[in-house]
Each structure stands twice: as structure tokens, then as C-alpha cells.
Amino acid sequence: MAAIYMGYTATIAGYSTATMGVLAVFLAPLIATLATKIDPRPMVFTGVLWLGLWTLFRSQADMSMTFSQISLPMLFQGIGMPLFFVPLTGIALGCVLEREMDSAAGLMNFIRTLSGAFATSMVNTSWENQTRYVHAELAGLTDREAVATHNMLNDGMSMDTVRGSIE
């Protein structure tokens, strides 16, 4: 949604967020090898911590950010993706019998995708509700004394038109 307000096309918005996958693609095989040699649980913790810290950093974003100010933090946040997902998959599938591996991997991917979609839906719903609330609050502050409303009504505008122009 922010990309619309920033004047980005869908392609440019995609490019700015796709940078998250660049380092992840190159690091995933290295992390997979490392996860077989050391305990993967600290790697999962480090991945979650890394993702959380970069998300906190990105929470300071505003609409005046440039393409690089959006894409560079996403690039570095991408380091946390394989640090989290690769060892977590190894941990989850480590206790599954060989004959059940295909089903377990499919189920894990399904649950991960479903959880991501559910979380995205919850965040977007919350965002939209807050946007409506803040818009209503700001609209109420726009003409608190009703001076503008009174002037527009005196100029011959209908009440619906006045409300539409103030909001």
C-alpha cells in the first residue's frame, strides 16, 4: 500500500523488497553445511534475532525514503532468512522417518505458507483499521470550529459535498 503513495509501480515495489532474497540465496547452502556441523538451535535464535533487529530498524521508515533506503536494509535483513529457515527445517525434519520425509516436508511448507498468509492478513487488517481511525481523527480536527463548513454551505454547496471535501 505504501508503494502506491510513494509513486512506485508494482515492479519497482517488487524490486525494492526482492533484495531480501539476494543474500539469502547465496548464504543458504553455506548455512546448510554449517548446520550439519554445529548445533542448529543457536543459528535459529540468531536468525530470529537478526530478522527482529532489522525489522525494528525498518520500523522507522517513512514515505520520504528513497529506493536505496528501502532496499539496502532489506538486503541485509535477508541474511536472517536462511539463518532461521534452513536450520529450523533441519531440526523439524530431523526426527522424521525416511519414508515419511516427503509428507513431512510438504506439511511443514504448507503450515509455513499458511502461517505467513494468516500473519500478513492480520497485519494488513490492523493497518487498514488504524488508517481509517487516524483519518477520521484528522478529518475531525480539520474544521473543528465549523468555519469552513459554514462558508461552503453559504456558497451553495450541499452538506454531502462539504463532507466530501473536508474528508
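We count residues from 1, following the sequence as given.
- Taking CG of L27 as the reference point, atom CG of L83 lies at 7.5 Å (rounded to 0.5 Å).
- Side-chain atoms of S121 never come within 3.5 Å of backbone atoms of A117 as a donor-acceptor pair (strictly under, hydrogens ignored).
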task = Determine, step by step, whether Y8 and F67 satisfy the side-chain contact (heavy atoms from CB on, under 4.5 Å) criterion, reporting the C-alpha distance in whole Å, the side-chain angles of both residues, the deciding distance to 0.1 Å, and the verdict.
result = CA-CA 9 Å; Y8 285 7; F67 180 86; 3.8 Å; yes
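- At a threshold of 4.5 Å between side-chain heavy atoms, the hydrophobic network of Ile, Leu, Val, Met, Phe, Trp and Tyr places F76 and F57 in one connected group.
- Within 6.0 Å of CZ on F45 lie no more than 12 heavy atoms contributed by other residues, nucleotides or ligands.
- Judged purely by atom type and a 3.5 angstrom limit, S126 has no side-chain atom pairing as donor or acceptor with the backbone of V123.
- Side chain of T33 to backbone of P29: a donor-acceptor contact under 3.5 angstrom is found.
- Remark: the S71 side chain and the S68 side chain contain no N/O donor-acceptor pair separated by less than 3.5 Å.
- Atom CG in L75 sits 4.0 Å away from atom CG in L23 (nearest 0.5 Å).
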query = So L97 and E100, side-chain contact (heavy atoms from CB on, under 4.5 Å) or not? Walk me through it.
reply = CA-CA 5 Å; L97 299 173; E100 297 172 333; 3.8 Å; yes
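- Residues L93 and F110 do not share a hydrophobic cluster, defined by chaining ILVMFWY side chains whose heavy atoms lie under 4.5 Å apart.
- No donor-acceptor contact under 3.5 angstrom links the side chains of D160 and S158, judged on distance only.
- Between atom CE of residue M65 and atom CZ of residue R58 there is a gap of 8.5 Å, rounded to the nearest 0.5 Å.
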request  = Show the numbers, then the answer: is there a side-chain contact (heavy atoms from CB on, under 4.5 Å) between T46 and M43?
outcome  = CA-CA 5 Å; T46 303; M43 293 173 72; 5.6 Å; no
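- By the rule that hydrophobic residues join a cluster once side-chain heavy atoms approach within less than 4.5 Å of another member, L51 and I31 end up as members of separate clusters.
- Side chain of Q69 to main chain of T66: a donor-acceptor pair is present (N/O by atom type, distance under 3.5 Å, no hydrogens or angles).
- Below 30°, between 30° and 60°, or above 60°: for W54 and W50 the angle between ring planes is between 30° and 60°, a tilted geometry.
- There is a path of hydrophobic side-chain contacts, each under 4.5 Å, that joins L30 to V22.
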